[in-house]
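Have a look at the structure below, then the notes.
Order of the sequence lines sets the chain letters (A, B, ...), proteins ahead of strands, with each chain counted from 1.
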4 protein chains.
Amino acid sequence: MSVRVAVAGASGYAGGELLRLLLAHPGVEIGALTGNSNAGQRLGSLQPHLAPLAERVLEATTADVLAGHDVVFLALPHGQSAAVAQQLGPDVLVVDMGADHRLTDAGDWERFYGSPHAGTWPYGLPELPGGRAALEGSKRIAVPGCYPTAVSLALVPAYTAGLAEAEAVIVAASGTSGAGKAAKPHLLGSEVMGSMSPYGVGGTHRHTPEMIQNLSAAAGERVSVSFTPTLAPMSRGILATCTARAVPGVTAESVRAAYQKAFADEPFVRLLPEGQWPATASVHGSNAVQIQVAYDEAAGRIIAISAIDNLTKGTAGGAVQSMNIALGLDETTGLTTIGVAP
Amino acid sequence: MSVRVAVAGASGYAGGELLRLLLAHPGVEIGALTGNSNAGQRLGSLQPHLAPLAERVLEATTADVLAGHDVVFLALPHGQSAAVAQQLGPDVLVVDMGADHRLTDAGDWERFYGSPHAGTWPYGLPELPGGRAALEGSKRIAVPGCYPTAVSLALVPAYTAGLAEAEAVIVAASGTSGAGKAAKPHLLGSEVMGSMSPYGVGGTHRHTPEMIQNLSAAAGERVSVSFTPTLAPMSRGILATCTARAVPGVTAESVRAAYQKAFADEPFVRLLPEGQWPATASVHGSNAVQIQVAYDEAAGRIIAISAIDNLTKGTAGGAVQSMNIALGLDETTGLTTIGVAP
Amino acid sequence: MSVRVAVAGASGYAGGELLRLLLAHPGVEIGALTGNSNAGQRLGSLQPHLAPLAERVLEATTADVLAGHDVVFLALPHGQSAAVAQQLGPDVLVVDMGADHRLTDAGDWERFYGSPHAGTWPYGLPELPGGRAALEGSKRIAVPGCYPTAVSLALVPAYTAGLAEAEAVIVAASGTSGAGKAAKPHLLGSEVMGSMSPYGVGGTHRHTPEMIQNLSAAAGERVSVSFTPTLAPMSRGILATCTARAVPGVTAESVRAAYQKAFADEPFVRLLPEGQWPATASVHGSNAVQIQVAYDEAAGRIIAISAIDNLTKGTAGGAVQSMNIALGLDETTGLTTIGVAP
Amino acid sequence: MSVRVAVAGASGYAGGELLRLLLAHPGVEIGALTGNSNAGQRLGSLQPHLAPLAERVLEATTADVLAGHDVVFLALPHGQSAAVAQQLGPDVLVVDMGADHRLTDAGDWERFYGSPHAGTWPYGLPELPGGRAALEGSKRIAVPGCYPTAVSLALVPAYTAGLAEAEAVIVAASGTSGAGKAAKPHLLGSEVMGSMSPYGVGGTHRHTPEMIQNLSAAAGERVSVSFTPTLAPMSRGILATCTARAVPGVTAESVRAAYQKAFADEPFVRLLPEGQWPATASVHGSNAVQIQVAYDEAAGRIIAISAIDNLTKGTAGGAVQSMNIALGLDETTGLTTIGVAP
């Protein structure tokens, strides 16, 4: 048997990546594909890499079109998911790839998004403590942001093991696909090739409260986060350099042991051998997470670095992984740990 | 049942790409992996994107190591395949990803490679007229060069249909992985990023006689080829711009009809809708070929443009496709037409 | 004494590059800077690399604003230059970096641009036969297109020397800045990085008639041109691969001799030593032209390859070079042959 | 009058960039150019972007060859400068672009470089407090490392003004030219394009003690530094994200005021207007430094971000700037604040 899946927002980067993965998923059948400004267009002209779907035509994003599917993925601008989900009813698995249902604190939501909070859904990061249990059988899934995925996987083991003080400093580099497909001058190839630049500096990036939420849950106390995202001259990938002051008594061995324990049974997260460091190219197009950790004794800090593909594990792959768990399928179905490199 | 496969030259780009594809191939079991200078090293340190094989250790490239497999892929420097193949015996399927057995004319080989010709093997480009028949049941396969793959698929239909004069002018851009993994100053990232440059100009590139061989076979007469390869600032992909003077009476319609007919039943080659042009990003990591063709009436020339991934359809994907045919498997097993984009 | 210069269209790539060069020009004083949608904005927010002009504010593009300058550069969309020039009067040196006044044949203009022809101005490519004489003392200059600059310099010597038949096949790769600063989805960094793609295939690119015009003038007969432009994953640079069938009796020596003669006294064009090939990185940010030529005896074709910076020699540098000649200054004033590499 | 300059190590990236700048310097005459493995080769084949020097031939790096110049620049592997300098005598201005004479603490040197300390020379970062005075009339200059240049300029104002606690966390992204021109597999274009990766994590990078030295001098106490360098897919540029915990009472206004004061009279350092952030493309090929600073009240940290060209202000431009001061020339001679963008 296969589940029937609809994708709302099939013309963007998140929607395109999701379709790339669903086409390789043995347990799903791809149903309705919708867009807004692009409704009526052939997918082949919008997503020329998805050859098997080239002749499919995008429909409008309406409840009627999305009805009659077992699973509906929402790759919509934030603020639009709640209304659509309500119309789909409680028996449909709705996977929100947008931000609407990630935060547990309504005040955080309103502060960073300036609109009423739509509520909180089970959080699609199975690798978190209790993460899988929260997703099993769920009919609603909030897919994490790409930065919080990379950052949480890198630092949660340190907080869970009580190795780090509640103050993290994080600098992450992202490929330009993280900024989406809407044409903006600063995202032109001419502007980004050969250039690195920061944005959302000083705690203003909307992914900041989500990181604080995840790290604080692991630490058992509120973790303050200094987060600086930067735009890198590549299409995909996030490299997150995450540091936190070590508590007294930490050693390189105790840090490494904590990370080995945390990821020993994880199918997608790999703690690299000592001396080898993550590279975004190694996880390009895959759901894999490469992690390495070091303890800088002189500076008294733990440095945990993760590499993910922002569109795969950071968005669409994480969504499929969570869907698999919610549906009771093998968590790895349709996903790979093999990157496309060089 | 699954066939047992060995890969000689597993540390390079061609070998790495082959392993990436074989890991997704349901009908094969990966056996011995060999390297020369890299023998004894963990594959995880050489091919960090191949997570499932990270702990595999490279062995030396010897007949003993390669013996006892159903299929042996040779990703070796040219000149080394014949000797290895001989030791493996006639019952093992040997797939040569090197140049040794591609050319039918010993004189061409000696002129371009400066060594004795090792002989000619069935040619692994199933899309050529008679291409599949030549591979069925064969125990030896010569995988085409990456440029000849892109160029032959773009121009053979014009010659087969008798639309073009026997004089082609071809300019192709290749990603740097086509130049291999050996560290050379002109291939450093600092040198290639932001730069386009030609090489092997004036008919000196070793893939030239292979193109002439394929185009001449289709034309039924010797086709002269002016071929200029260029190095582009990207890791993968070939964009081949192929032009030939049209014979009298050609029209845009007759050209398009010929290409539609040529590729109607091809699983990997797609003639794009009119007005849409190939892009290497659309076939990144896939075995797909995107082709578009135009007739420039003012210049009197047919312009056929193809995009492939040089490592996939241009090397390892073409090798797997041909292996599938030789073994009697479905030709598309373990291969995809879906690119990793953006 | 220094000439007072105004720039209409200072917010785009051509205008920005022109200002970069004018800031280093000892003989000019930068006056009015205008934009349309950007009027009223600080240049520092639009062209952050032009630090000395950061506090300058763009004015509207009107005759009043542009009046009272010795030289006015027009970096405007095609179709707008003639009207502005008329209002400026005959004593102002007007340098049109747009397409309006390049073509001598009104029919060509109307066919490719679909509007009435504005007339022909002296052509700003001093390296053409008679090129300098046409510019000396002129009050109107039509700056060549970037592709015609690269292509004409590569092939004119062959035609002037009578070495080539009247049929050229040209494939050129351009950096994305050639497509301008207007935000379009296919020009997003996510789309162009790691990808090569053609456009304007089949003789439809608007620079085609300009190439035919220049090559035909050199050949003394109409030269047919098959031109295919491609978009390369880099911000700047054009690599033009230009081939033409050789006339009987041509030798490698006669070809090289013709090119040595053609460029012996050119300050910006350099025929590279045998065995060395052009690279766009080598001319990045400079007014230099690197050229190499080969004779492919087997194919019977001359292959001439040129590398320029599309924004410098291809646009703004060529404009300054021509202005220098028109004003009677040393042709090289404010320009360099030194590229910014790696 | 012009000073006669020799360059030892003219075939590498630092040497090439230095020559690019010296060619535009009105006060210098370029004398001997030396290399080691490259001695005897034409510079045109090694540095094809330096057209005016194409015919110059590299000599061996010996005292005889370097003798008889007013200024000798050493772009040599660390450990080689002291011996050469000694042979040149005390009256020649020796500018060491290597690491040998940057550190004041011999123990730091031995710990990070594993060889005896060669001694400390005046430090070529004029923007530091007292920086210019230390260089005036000096006959020896130690050019700072590229990372310490970017980091010190970003954080010294905060420490000088007493706004930050003595604990900095720094993550910097560098273009690949910072790794030099020696061909290494991990620096191949195929490896670096589309990839971000860290290296020298955990305080092991040799530039770490130099940063600590500069920041501690400004703070008046030892500053602990957590430094993580990352390799970015671009040829040039460093983006340094530098954070430090703010002392009590700090406000966004007090932070901005301190930075405005620090750079008010600096010819090359520009504090960007509020809301605008540095980009490496904006300083490409220039000696400019773009800086922006923010105070993250929630995290209690100051975030100062700087962008430089690692080869220009980070190496060769800083060397020329310091030479100008040592020789009593205008500090900005031969240097520009104008980047080559896009």
- D:Ser286 and D:Asp309: side-chain donor and acceptor closer than 3.5 Å? no

- Item | Proximity of residues 250-260 of chain A to chain D, residues having a non-hydrogen atom under 4.5 angstrom | none

- Distance-only donor-acceptor check, side chains D:Ser216 and D:Glu221, under 3.5 Å: no

- Apply ring pair (Phe, Tyr, Trp, His ring centres under 6.0 Å) to D:Tyr113 and list each qualifying residue two or more places apart in sequence or on a separate chain. D:His78, D:Trp109

- Task: Could you have a look at A:Glu167, A:Glu191, A:Met196 and say which one has the most heavy-atom pairs with chain D under 4.5 angstrom?
- Result: A:Met196

- If you count heavy-atom pairs under 4.5 Å between each of A:Ala232, A:Gly300, A:Pro278 and chain D, which one has the most? A:Pro278

- Query: So which part of A:Thr228 gets closer than 4.5 Å to some heavy atom of chain D, the side chain, the backbone, both or neither?
  - Reply: side chain

- Considering the options A:Thr241, A:Ile170, A:Val171, which one meets the side chain to side chain contact (heavy atoms under 4.5 Å, CB included) requirement together with D:Thr241? A:Val171

- Determine yes or no for a side-chain-to-main-chain donor-acceptor pair under 3.5 angstrom, with A:Ser226 supplying the side chain and A:Val169 the backbone. no

- Message: Applying a heavy-atom distance below 4.5 Å, give me the residues of residues 289-296 of chain D that approach chain A, sorted by number.
- Response: D:Ala294, D:Asp296

- D:Ala307 versus chain A, heavy atoms under 4.5 Å apart: side chain, backbone, both or neither? neither

- Heavy-atom pairs under 4.5 Å with chain D are the metric here; pick the option from A:Pro233, A:Ser224, A:Ser190 that has the most. A:Pro233

- Message: For D:Arg301 and D:Thr243, which I'm curious about, is there any donor-acceptor pair between the side chains at under 3.5 Å?
- Response: yes

- Query: How would you list, in number order, the residues of residues 197-214 of chain D that have a heavy atom less than 4.5 Å from chain A?
  - Reply: D:Ser197, D:Pro198, D:Val201, D:Gly202, D:Gly203

